[in-house]
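Worksheet: the structure to be examined is printed underneath.
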There are 2 protein chains.
Amino acid sequence: MTAQPIRVLLVDDQPLLRTGFRMILEAESDIAVVGESGDGEQAVADARALQPDVVLMDIRMPRVDGVQATRQITGAARETTPRVLVLTTFDLDEYVVEALRAGASGFLLKDVPAEDLVTAIRTVSRGDAVVAPSITRRLLDMFASRFPATDSPTPANLAHLTDREREVLTLVARGYSNAEIAAELVVSETTVKTHVGNVLTKLGLRDRVQAAVYAYESGLVQPGAL
Amino acid sequence: MTAQPIRVLLVDDQPLLRTGFRMILEAESDIAVVGESGDGEQAVADARALQPDVVLMDIRMPRVDGVQATRQITGAARETTPRVLVLTTFDLDEYVVEALRAGASGFLLKDVPAEDLVTAIRTVSRGDAVVAPSITRRLLDMFASRFPATDSPTPANLAHLTDREREVLTLVARGYSNAEIAAELVVSETTVKTHVGNVLTKLGLRDRVQAAVYAYESGLVQPGAL
DNA sequence: TGCGCCCTCCACCGGCAGGAGGATCCGCGC
DNA sequence: GCGCGGATCCTCCTGCCGGTGGAGGGCGCA
C-alpha cells in the first residue's frame, strides 16, 4: 500500500489483548506495531515519543482513561497528529460521543474480525474515518434527532414570509435591535419595524423574543452558526 | 446468510447504472433485485408495492429527488420499513445531512467497490448502518463541532448565574414575558425583573432577546426541547 | 393597462422592558 | 452575633418596541 509501513501504537491495560492484536497486525506487511502502552498516561508519552500513524486505543483504562488520552494526543499541535482508533467492549453511547469530541477518528468493538481491524487501520491512516456498523446506527439516530428541522424546511408559516421578512427575522434572532437591523440592511428603522410587525403577525407571535425563539426552533437559524 | 434472500430495489435515473448494480448484486446468492425505479416518484410507489428490504437510492434524480423519496419511504408507518442506502456521486455535506434527516440507513459513494457494496447491503439489511469512510470523516467532524457542549458545560459566565437566574433565563428563552414568568414561578413581576436584570448584567447582554439567543447558543436550552 | 404584492417610509401612541435605588427576609459561615 | 449572598418586593423613569393607519414606487402578471 505505502512504501513506509503504517506505524501503530497499541494501548490497552490487558497485556494479553495487546499480544493478540500485535499478532494480528504483524501478519500484515504494511503495518508495523511500534509500541504498546498499558495505561492512558503512558499512551500519551509513547505517542509523543514514537510518533505512530495510528493509535489503537482502549477506552476503559486505569489512571488516565482512553478519552482523556485521546484528547491529549489529538490535541497536541504537531505536524503529524496520530489518528486515534478507539476500541470499546460495549457500544455505549456516552463513550462514543465523548471520544468523538476528543478527536477520535473511529470506533470499533473489541470483537471486530481481524480482517476488519486491519482494514480499519489502513482507512484511518489515510485520514478517513471508520465506525462499527452498530455504532454508526446510533450515531445516525443521534444525528437525525439533533437535526429534526428540515423535515419541514419551512414550517408552513415560514414559507409565507417574504425574503426580506425572513432576512429580518434572522437578524432579530441574533439579538439585533431594530436600529441595528436598519443599519445592517441600510434601510430606515421604520421599514424594519414594518417587517418585524409583519413577521409577528404572520407567525402569530407576540414580540421579537418569541420570534427569535421561533427562528431557532424552526431551524431558520442554528446554534453555533453565530 | 438468511434463508430468504435480501430483497433489493434499485433507484437511479440512469438505466445503465442500474444494470451495472443489478449484475453485481445478482452474482450474490443471498441478494435478489426485485425491481428498478427511474425516479423518486416511481421509487416510492415501487417500495410500497414490492416491499424490498433495502432500497439502493441515488440522490440526484428528476421529479422527486432521493432525499424526498427517502423521507416518504422511511416515513411510511408500516410493519417493515425498507432500509434506504443512499448513493452519492460526490460526498457533498448537504445531501448527506438531508438524507440523514430523511431517515437513510447509510451512504456510499458511487465508485464503491463491488465487494463493499454487497457487504453494505447485508449490513443495512441487518438494521445496522454503513457510511463510506470519507463521509464518516465529515460526519464525525460535524458531530464534534455540534457537541462542543461538555467541554464547556457552562461557558464560564453561565456558571456565575444563580439557580434562580438560570431558571428565569430558560423561561425568557421560551419567549415568556416577565408577567408570564412571574405567574409560572409564583413570584411578583418585580422579582422577575430583578432576576432578568441580573442575568443581563452578568452575561453582558443588552436585552431579553440577546438573553434568549445566548440561551440557545450556550446550549442552556436546545431546539426541539420545546 | 390595471391589479396585486413587496419594499420602502412616515406619524402617533400605548405598553412592556430595563436601569437606578432602596428594602426585607432567610440561610450559611466565621 | 455579625456579615454576606440570594431571593423577594417596591417605586420612578426613560426608551424601545409593537400596533394602527396611511402612502408612494417598482415589478410581474393577467
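In what follows, chains carry the letters A, B, and so on, assigned in the order in which the sequence lines appear, proteins first and then strands, with residues in each chain numbered from 1.
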Q | Short side-chain donor-acceptor distance under 3.5 Å, B/Thr191 and B/Thr194 | A | no
Q: Go through the steps to decide whether A/Glu36 and A/Asp46 satisfy the test side chain to side chain contact (heavy atoms under 4.5 Å, CB included), and finish with yes or no.
A: CA-CA 8 Å; A/Glu36 297 183 16; A/Asp46 288 349; over 6 Å; no
(Q) Using whole Å, what does the distance between atom P of nucleotide C/dA17 and atom CD of B/Gln210 come to? (A) 16 Å
Q.
How many whole angstroms separate atom CD1 of B/Ile181 from atom P of D/dT8?
A. 13 Å
Q.
Between A/His195 and C/dT8, is there a contact of a side-chain N or O with OP1 or OP2 at under 4.0 Å?
A. yes
Q: Round to the nearest Å and state the distance from B/Leu161 atom CG to D/dG6 atom P.
A: 11 Å
Q: Grab the CG-C1' distance between B/Asp163 and C/dG27 for me, whole Å please.
A: 15 Å
Q) What is the distance from CG of B/Leu200 to P of D/dC16, rounded to the nearest Å? A) 16 Å
Q: Pick out which of A/Val130, A/Thr123, A/Val55, A/Thr70 makes a side-chain contact (heavy atoms from CB on, under 4.5 Å) with A/Leu85.
A: A/Val130
Q: Assign each of A/Val186 and B/Asp207 to its nearest nucleotide of DNA chain C by heavy atoms, then name whichever residue's nucleotide is nearer the 5' end.
A: A/Val186
Q.
If the cut-off is 4.0 Å, is B/Thr194 near the phosphate of D/dA7, judged by side-chain N/O to OP1 or OP2?
A. no
Q | Spacing between A/Asn198 atom CG and D/dC17 atom P, to the nearest angstrom | A | 16 Å
(Q) With a 4.0 Å cut-off on N to O distance, would you call A/Glu217 and B/Arg174 a salt bridge? (A) no
Q: Measure from the side-chain heavy atoms of A/Lys193 and tell me the nearest of D/dC10, D/dC17, C/dC10.
A: D/dC17
(Q) Can you give me the closest heavy-atom contact between B/Leu9 and B/Ala47, atom names plus distance? (A) CD2-N, 3.8 Å
Q) Is there a side-chain polar atom (N or O) of B/Arg208 under 4.0 Å from OP1 or OP2 of C/dG18? A) yes
Q: Measure from the side chain of B/Glu189, starting at C-beta and using heavy atoms only, and say which of C/dA17, D/dT8, C/dG18 lies closest.
A: C/dA17
Q. D/dC9 phosphate, OP1 or OP2: any side-chain N/O from B/Thr191 under 4.0 angstrom?
A. yes
**Q.** Nearest-Å distance for atom pair CG/P, residues A/Leu169 and D/dC17
**A.** 15 Å
Q. Of all the choices, C/dC6, D/dA7, C/dA17, which nucleotide is nearest to the side chain of A/Thr162 once you look at every atom?
A. C/dC6
Q.
Which is more 5' along DNA chain D, the nucleotide nearest B/Leu185 or the one nearest A/Val209? Just name the residue.
A. B/Leu185
Q | Spacing between A/Lys202 atom NZ and D/dG19 atom P, to the nearest angstrom | A | 14 Å
Q) What's the closest nucleotide to the B/Val187 side chain, out of C/dC7, D/dG18, D/dT8? A) D/dT8
Q. For the residue pair B/Val213 and A/Ala173, what are the closest heavy atoms and their distance?
A. CG2-O, 3.0 Å
Q) Can you tell me if the side-chain N/O atoms of B/Arg206 get under 4.0 Å from OP1 or OP2 in C/dG19? A) no
Q. Under 4.0 Å between a side-chain N/O of B/Asn178 and OP1 or OP2 of C/dA17, yes or no?
A. yes
Q) Does a side-chain N or O from B/Thr190 land closer than 4.0 Å to OP1 or OP2 of D/dC10, or not? A) yes
